[in-house]
Amino acid sequence: MIIGSISENKQLEKRISITPEISKKYISSGLEVLIEKGSGEHLGFSDDDFFKEGCKLESKETVLNKSNIVLQLNLPDDKNLDLLKENSVLIGNFNSNYNKEKILKISSRKISVFSLELLPRITRAQSMDILSSQANLAGYKAVLDSFAIFRKAIPMMMTAAGTISAAKVLVVGAGVAGLQAIATAKRMGAIVFSTDVRLASKEQVESLGGKFLVVEGAENLETEGGYAKEASNEFKKKQEDLITETLKKIDIVICTALIPGKKAPKIINEKMIENMKPGSIIYDLAASQGGNAAFTKADEIVEKNGVIILGETTILNKLPTSASNLYAKNLFNFVMNLYDNKNNKININLEDEIINKTLVK
Amino acid sequence: MIIGSISENKQLEKRISITPEISKKYISSGLEVLIEKGSGEHLGFSDDDFFKEGCKLESKETVLNKSNIVLQLNLPDDKNLDLLKENSVLIGNFNSNYNKEKILKISSRKISVFSLELLPRITRAQSMDILSSQANLAGYKAVLDSFAIFRKAIPMMMTAAGTISAAKVLVVGAGVAGLQAIATAKRMGAIVFSTDVRLASKEQVESLGGKFLVVEGAENLETEGGYAKEASNEFKKKQEDLITETLKKIDIVICTALIPGKKAPKIINEKMIENMKPGSIIYDLAASQGGNAAFTKADEIVEKNGVIILGETTILNKLPTSASNLYAKNLFNFVMNLYDNKNNKININLEDEIINKTLVK
Amino acid sequence: MEIDPFIFRLSIFILSIFIGYYVVWSVTPSLHTPLMSVTNAISSVIIVGAIIAALAGDGDKEKIFDIANIYGYLAIILAAINIFGGFLVTQRMLAMYKKKRKEK
Amino acid sequence: MEIDPFIFRLSIFILSIFIGYYVVWSVTPSLHTPLMSVTNAISSVIIVGAIIAALAGDGDKEKIFDIANIYGYLAIILAAINIFGGFLVTQRMLAMYKKKRKEK
Amino acid sequence: MSSNLLAVFYLISGVLFILALRGLSSPETSRRGNFFGIIGMTIAIFVTILSVGNFSTGFIYLLVFLLIGGSIGALIAFKIPMTAMPELVAGFHSLVGLAAVFVAISAFLNPTVFNLGIPGDIKIASLIEMSLGASIGAITFTGSIIAFLKLRGIMSGSPIIFLGQHYLNLVLGITLVSLIFYLCKTQIDTWFWTIILISFLVGVLLIIPIGGADMPVVISMLNSYSGWAAAGIGFTLENTALIITGALVGSSGAILSYIMCKGMNRSFFNVILGGWGATDDKTKSTSKEQKPVKNGNADDAAFLMKNASSVIIVPGYGMAVAQAQHALREMVDSLKKNGVKVTYAIHPVAGRMPGHMNVLLAEANVPYDEVFELEEINNDFANCDVAYVIGANDVTNPVAKTDPQSPIYGMPILDVEKSKSVLFVKRSLSPGYAGIDNDLFYRDNTLMLFADAKKMTEDIIKSL
Amino acid sequence: MSSNLLAVFYLISGVLFILALRGLSSPETSRRGNFFGIIGMTIAIFVTILSVGNFSTGFIYLLVFLLIGGSIGALIAFKIPMTAMPELVAGFHSLVGLAAVFVAISAFLNPTVFNLGIPGDIKIASLIEMSLGASIGAITFTGSIIAFLKLRGIMSGSPIIFLGQHYLNLVLGITLVSLIFYLCKTQIDTWFWTIILISFLVGVLLIIPIGGADMPVVISMLNSYSGWAAAGIGFTLENTALIITGALVGSSGAILSYIMCKGMNRSFFNVILGGWGATDDKTKSTSKEQKPVKNGNADDAAFLMKNASSVIIVPGYGMAVAQAQHALREMVDSLKKNGVKVTYAIHPVAGRMPGHMNVLLAEANVPYDEVFELEEINNDFANCDVAYVIGANDVTNPVAKTDPQSPIYGMPILDVEKSKSVLFVKRSLSPGYAGIDNDLFYRDNTLMLFADAKKMTEDIIKSL
Ligand SMILES: NC(=O)c1ccc[n+]([C@@H]2O[C@H](COP(=O)([O-])OP(=O)(O)OC[C@H]3O[C@@H](n4cnc5c(N)ncnc54)[C@H](OP(=O)(O)O)[C@@H]3O)[C@@H](O)[C@H]2O)c1
Ligand SMILES: NC(=O)c1ccc[n+]([C@@H]2O[C@H](COP(=O)([O-])OP(=O)(O)OC[C@H]3O[C@@H](n4cnc5c(N)ncnc54)[C@H](OP(=O)(O)O)[C@@H]3O)[C@@H](O)[C@H]2O)c1
Ligand SMILES: NC(=O)c1ccc[n+]([C@@H]2O[C@H](COP(=O)([O-])OP(=O)(O)OC[C@H]3O[C@@H](n4cnc5c(N)ncnc54)[C@H](O)[C@@H]3O)[C@@H](O)[C@H]2O)c1
Ligand SMILES: NC(=O)c1ccc[n+]([C@@H]2O[C@H](COP(=O)([O-])OP(=O)(O)OC[C@H]3O[C@@H](n4cnc5c(N)ncnc54)[C@H](O)[C@@H]3O)[C@@H](O)[C@H]2O)c1
């Protein structure tokens, strides 16, 4: 069995899907690993580092030609897809809703395509859950980034030259990314507020030292999978009032609210932003799905009334090493679930919820 | 009595020396405040904000012509200096050692120039101590900046997709900037080491949760003023060995070691950097005085063996609001010590150590 | 000024109650069971009464197995089980703690 | 089977020592002074002896100011000072604590 | 031996018993305490024998019976498994009760030897003391037997309650008092025997309505009863040793049971009055048939951990909710001062966000080198004395390894159950995120500490 | 009144005294305790008077003297300032001692009334008891007077030590024993008087070598002595009340002084043997003439703060060094649970780096709205009950306001000295960063808590 990976488009994607550390694990599980030459260099993983672990370094074509399993982040371009061999398996984070057609075309060539954003949120799948692992880092990085561009210091400092008061941070959406954002802002000394539609999140926010903005009469909008449903209009109105009031004193907003398969909810509207203090920052992690804030533009910095709005869609490119480490480990766990060690073959067992749901069909 | 301030060269200096908040304090102490139009706009302090507090907004020339006391950050250029009126007072952070001649020329025109980096380190002067207030913020910002560009996450995270181990940070020099750097790195979850030549700093580092690298047989190199002396060769050798060993596992180095009036000590040499892990960062706050690390270039980013070396001299431009707030408060305290409220005049009392030592003569 | 010995006994009784009250107030919970077991063993001091009952009229051969004495002997057996069993089992329990303590 | 009353008194004495021992073990430090002062007041129960001494041979007019009785009366004064002074001063100290407690 | 000397020796043995109880209240002195008890008992027996005087046949029998009893006792003491302690104590108790009854009977039948008058004309005071002693002894006897049966599992541990129970007890109580009254008046021995019989019945009735969980309190209470019985007989026999010891045992037993009630958060009154409270909610829940859990308090936990050589801390979401990390760190510091090795085991999905536990532990300044991830530490549980599971649940649930149907099947878990004892700090038996019951709660080596995680940890610090 | 009834009443008053002492050991029950004491005493006096019987002239005198003494006592009790408590207790003590001497003398002169035989032929046992009572009473008398003088400041508080002191004491002790022996043998009353005189001397000699700081321990010890004296006389008079109470006071006084020694970290032995230890370093340092500081322990601090309505915490560099922030937060939580209002006052240059305290308090999750800077909070000290200064020093030093020569002159300081009490937690009297002494340490409303800041704070939590 051969497992391989080729370079991503490094302009758009800095992460990689096999790290030297993980390649070692594949090899000790009995797989061969092929890596495209130079694919990790931008992260400080030289070809030599891979070689030392026992990988073979090959050209893109060889990798695609020979591998039974190909691990990627984004969907390779058509030219590369064509090189995939029959009965091979392609695994990655392919935005399968959006790319459905393209993927089905590949599948038709007897290539099984697994897209891991489809992973069911069951306990056993947690170690393969790329959404969690990446959202976690995104939440962390969003805070660090926004703090770095903020013109004031974050923590409270009572000094001989006067007092700097602690910055106030609002985290919109307390999912995986949101919680990590809360934790990070909190440990830097910020005063952290958060809002979410799922009732359980109140306790979770408080368990990290954050303050939860309680919308009166809130219903629980949690689906069985642990995701959020869309909120009712009444709820939205109440939430709006509360957030408007809160935002007047907030310095930094981190937006992470998402509803799977839908546009991100618009939570911070124009008027709210008007009332914010100049110099405040809105860091919108939901930008790729339209953003939680008005004015958010994907991958652009917008300034409105002195408020800086960043719509970030590729934040993990700013934390590529850690993100790759976790992503690669997620894929490894997924592959191990797929791979039949004894018979040295891939076992696409459709009884297995994990395999069944992630297979794009 | 009129107190005034003109715009700095905004290309080089983003801080300001009178904030709206402080201008209010001057006014309630019985002074008039003149501000050059537009001088705070880049920080979100509109002319209106000043006006509301009771300031007059004037042209550069009027400000310089009318003011009895002029507050600046850097030495104004010659053209502006010429506009200063006789018997007036100029206060700022003028690097008086370097600019001695220029300043004496002004002094000869019956203008008293006070340069606050000369402030004696006595308890009473703490509230005017611009070196402390600015170094404090610099230490904070250096950590935040370096964390923002670091390719990995800083804190330890044990997750379903594997463990991210905590980043290791070395802070060189545990003065004001160094201690704040330690505190900031520590609260983000990094493992923090530090080294200094002053013995007292061990306890101080530990009081912030940092680990002090104890150089065996260390002598105490503290002067009476609380600054460091140059170290002996033997000490330097031992320190070198210890740091070389430590650096092999360090991810981020923050350099803050300074010796007043001298070149900054070179503590991290070429060989040490060679042995560091690729992807590591050296953030050299001592760059303006030559830097603590080899390869440091002022205001440039150098990459050696994958190690990124940043020589930062204007870091406070990245935190201009907080820095201005503290700087302006320092100046206010200094002016209050100089200003004779009852007789509404400036009282240059050379008996007063603070006034005597800061007056450039 | 003769005082009835009963009064003295009453005093002794009441003072002993106080001692019993204070003496165990601060017991560690983990010692509840051993303490109970020791208290139990001690309460078989009733054997003193049993002995007196058993040996009552001793020397007078005929009365030696008087019905009253038999009750005394029975009481001796019961109390003796309790005394030996109680103290020994306490010893065992306490030895357990001791061992653990030494290990480290 | 007569027991000398002395033995009973001895028992009472010894048991009381135990009680004294246990009863103050857990005293709060801030109550040291009041406790001392109350103990002091209580120790003037010696007045019981003083009364007996003072009234000894009372009724017999001639003996009323026998030298022995005078010592008794003196002892009464001393002990009385102590009793009243001791209890009252304790009361005052404790009232202080009480007030503070209420304030909040 | 003169009666004075005898009294002095009895006093000495009384003092030794006091020292014995004192000793038993702290682990350091407990063994010495037991030793004092043994000496005290030896002295008491010895001087009694000497005081009776002539060493003829009876004396030989006495020795024989003493030895028979002693051997049986010793045998039981050595053979019994450590886990059967509570029922053993209950069993022993019944013997003391019966012995007291026998002594009372003996005195009743043969009052002359005890200077109580002659049969048919016994001193009233002695009669009262005697019948009180016999009655309390009899209650102790049957009560202890019921307690024994319940603990042993021979009888169901759930409270047995029937209508009119309390009235019946009341009636029986009144009967007892009247019988004693008649006995004194008429000196007819039938009354005496009836008193004993009814007391046997009362003993049974008093204990059956009490639930199995409250048995330790009951035993201690019965202990106290047996003390009072001994004291009563002590008055009859004018024996100082019996009076001192009886009072001592009586009051210390009562206090101990009170302390135990407090520790278990139960009303002393309810427990003692047996079943009075069985109708209120709290006791009801225990009367339902449930899987039994061992329920501990902070002192137990402190004791276990203080005496452990290594402890592994397993934090979970509950620690985060309670914000118990600082208290936890304090606790660990205390333990380390006691020479205990302490490490933290972090499950990859403990908490509700990746790295949740790490953030909190870092906040509390827990050194990184004490924090281990699952794979590093999982084997260490087998060698560890105590696993302190604080607000974690799913991540320790062994069902993940055994039941393919369970929603967490396949997740690696922390093998806390392999450690010698497991302490679970949580507020109730309710499940965690995955919503499934955790089998570990019901294990033999598990002690549940029901409380808010922070509160409990602080309490443990206090008793460390 | 029959002697039996009398004995029962004495027993009752004994029990009431037990309850009195018990009550005094916790603040909640202390007033009730005192009340029990009063009742007990009333009963004892009352029944004694009744027992003596006929109410003739002597009875009137008795009442008169009782009233005289009572009025004097009451007057003193009301007039005395609260700060003079320790010396007051010492003074009162001397009276008890003297009273015991008088009663002993009276018994010696007139043994018939007490059933001790006739003058010149008193029972040996009674003679021993009597002379022991008189001797201990005499020692208590003069000892208490010396203690009183030392505390009052009339006599220097420093230990008076001379060569051969211990030998002298030894010789006197042996003399006392021999005198008692001769007294018993010869019944010559000169010996009796000599015993009393020598005992007076011993009392003086025993106390003079003890330093002023140890006086509270001494008082408690003298208390204990007076108890034993009472018990001795109780045996003489065959009086149960005196025996019970004497033993009670005797042993509780001894224990109390032991506890106090432990609390002050002094060796019990050294204190009691007066000056034995005065040559070792520890006591030497106290014998040096120093500005006196009030030295407290965790329990005192806990008590003060628990009963305060508002507390302000002033952290400084020492808190950082000790890493006491988490413990501090715990302590504040406990206080808040007790209904105390707690805020933090941060001096702008507390610690060694700008914002030093903020970092640490944030780490310990102290809410920002409880943290105030100097200007916001400085006026609040005047209305606060306790300022808890933990590891801060320079930032509270009032010399900054008063002495232009001082290196910190002109720095604004936190006005902690305006609060009702100030607790300083630091390890010694050594100065802070600025290297200057802090006058506050020696103020009347300051209590120094010498310990590591974390350790002390944890101890305070324990006793809260
Ligand atoms: N780490 C992640 O990224 C992540 C994300 C989402 C879900 N999860 C899931 O979360 C679970 C994590 O497992 P876990 O063991 O940490 O937590 P858990 O299984 O949810 O158990 C937490 C336990 O803490 C107790 N608790 C709650 N508040 C408490 C308090 N104040 N004091 C004391 N105890 C308290 C609760 O019991 P009582 O109510 O009886 O007190 C509960 O049983 C896993 O099932 C995991 O799959 C993890
Ligand atoms: N904030 C700044 O930026 C800065 C910078 C440089 C200098 N300073 C100066 O530092 C001083 C700060 O004042 P401060 O009141 O915070 O500190 P301080 O005056 O230096 O006093 C600290 C006190 O803490 C005690 N201490 C040390 N370790 C302790 C421990 N483990 N447990 C208990 N107590 C401990 C020390 O007394 P013991 O040894 O008796 O325990 C010491 O007196 C000022 O003089 C200020 O000018 C401040
Ligand atoms: N079963 C598992 O083991 C497992 C694994 C990972 C995550 N989870 C859980 O799944 C949940 C969602 O995780 P996610 O971060 O991937 O979700 P997500 O990225 O889809 O959404 C982010 C957050 O936005 C919130 N949101 C949606 N609409 C909102 C609105 N109008 N206003 C405010 N907030 C809004 C959601 O409730 C969610 O918390 C979390 O509770 C997480 O703990 C469970
Ligand atoms: N009197 C006051 O109230 C007051 C006010 C501000 C600062 N201070 C004290 O003054 C001291 C220095 O403050 P600073 O930050 O302005 O100093 P700085 O900026 O001049 O130097 C920074 C640090 O580098 C260290 N250093 C110098 N050579 C070194 C070498 N070869 N290796 C390692 N470290 C070296 C110095 O010891 C110093 O700690 C601090 O202790 C500070 O607390 C006192």
Side-chain angles (χ1 to χ4, degrees), chain A residues 25 120-140 143 171 174-189 192 194 196 198 200-210 222 224 226 256 322 326 329-330 333 336-337 351-354, chain E residues 315-326 328 347-366 373-375 390-397 399-401 403-413 427 430-436 438 452-454:
Chain A
K25 288 190 164 223
R121 281 239 154 141
I122 58 175
T123 304
R124 190 161 59 89
Q126 279 180 118
S127 60
M128 318 162 191
D129 187 350
I130 57 162
L131 288 188
S132 276
S133 75
Q134 305 297 298
N136 177 38
L137 292 176
Y140 159 79
V143 170
V171 176
V176 176
L179 288 178
Q180 188 61 259
I182 293 168
T184 308
K186 187 75 205 330
R187 70 199 308 173
M188 274 305 292
V192 187
S194 182
D196 198 310
R198 291 177 303 110
S201 59
K202 175 168 189 292
E203 195 188 53
Q204 293 169 5
V205 167
E206 284 164 359
S207 83
L208 286 162
E222 182 161 351
E224 264 180 42
T256 74
S322 289
L326 299 191
K329 183 81 183 286
N330 284 146
N333 289 328
M336 285 302 115
N337 186 47
E351 303 269 279
D352 183 341
E353 193 183 351
I354 294 177
Chain E
Y317 182 56
M319 179 194 78
V321 172
Q323 289 284 296
Q325 62 271 27
H326 298 110
L328 183 63
H347 190 278
V349 299
R352 290 290 182 272
M353 122 192 150
H356 201 158
M357 297 300 116
N358 298 117
V359 182
L360 300 175
L361 294 184
E363 180 186 298
N365 265 331
V366 172
E373 50 177 351
L374 182 133
E375 284 143 42
I390 172 167
N393 184 349
D394 295 347
V395 299
T396 65
N397 197 339
V399 82
K401 291 193 279 194
D403 178 8
Q405 297 313 312
S406 126
I408 62 169
Y409 180 69
M411 175 171 86
I413 63 149
R427 294 161 309 179
S430 45
Y433 186 85
I436 47 173
N438 191 337
D452 177 77
K454 184 167 172 206

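- Among A:Leu179, A:Leu208, A:Asn136, the single residue meeting the side chain to side chain contact (heavy atoms under 4.5 Å, CB included) criterion with E:His356 is A:Leu208.
- When side chains are defined from C-beta on, A:Gln126 counts as touching E:Val349, because their heavy atoms get closer than 4.5 Å.
- Heavy atoms of E:Ile408 lying under 4.5 Å from chain A belong to its backbone as well as its side chain.
- Contacts of A:Glu206 with chain E are made by backbone atoms alone, with heavy-atom separations under 4.5 Å and no side-chain atom involved.
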I'd like to know whether A:Glu203 forms a side-chain contact (heavy atoms from CB on, under 4.5 Å) with E:Val321, so could you lay out the CA-CA distance, the side-chain angles of the two residues, the decisive distance to 0.1 Å, and finally the verdict. CA-CA 7 Å; A:Glu203 195 188 53; E:Val321 172; 3.7 Å; yes
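- With a 4.5 angstrom heavy-atom cutoff, E:Pro354 touches chain A via backbone and side-chain atoms both.
- Interatomic distance, E:Ile436 CD1 to A:Thr123 OG1, rounded to the nearest 0.5 Å: 7.5 Å.
- Between the side chains of A:Gln204 and E:Tyr317, not a single donor N or O lies within less than 3.5 Å of an accepting N or O.
- Most heavy-atom pairs under 4.5 Å with chain A: of the set E:Gln325, E:Met411, E:Arg352, this distinction falls to E:Arg352.
- Looking at every heavy atom in both residues, E:Gln323 comes nearest to A:Ser207 through NE2-O, 2.7 Å.
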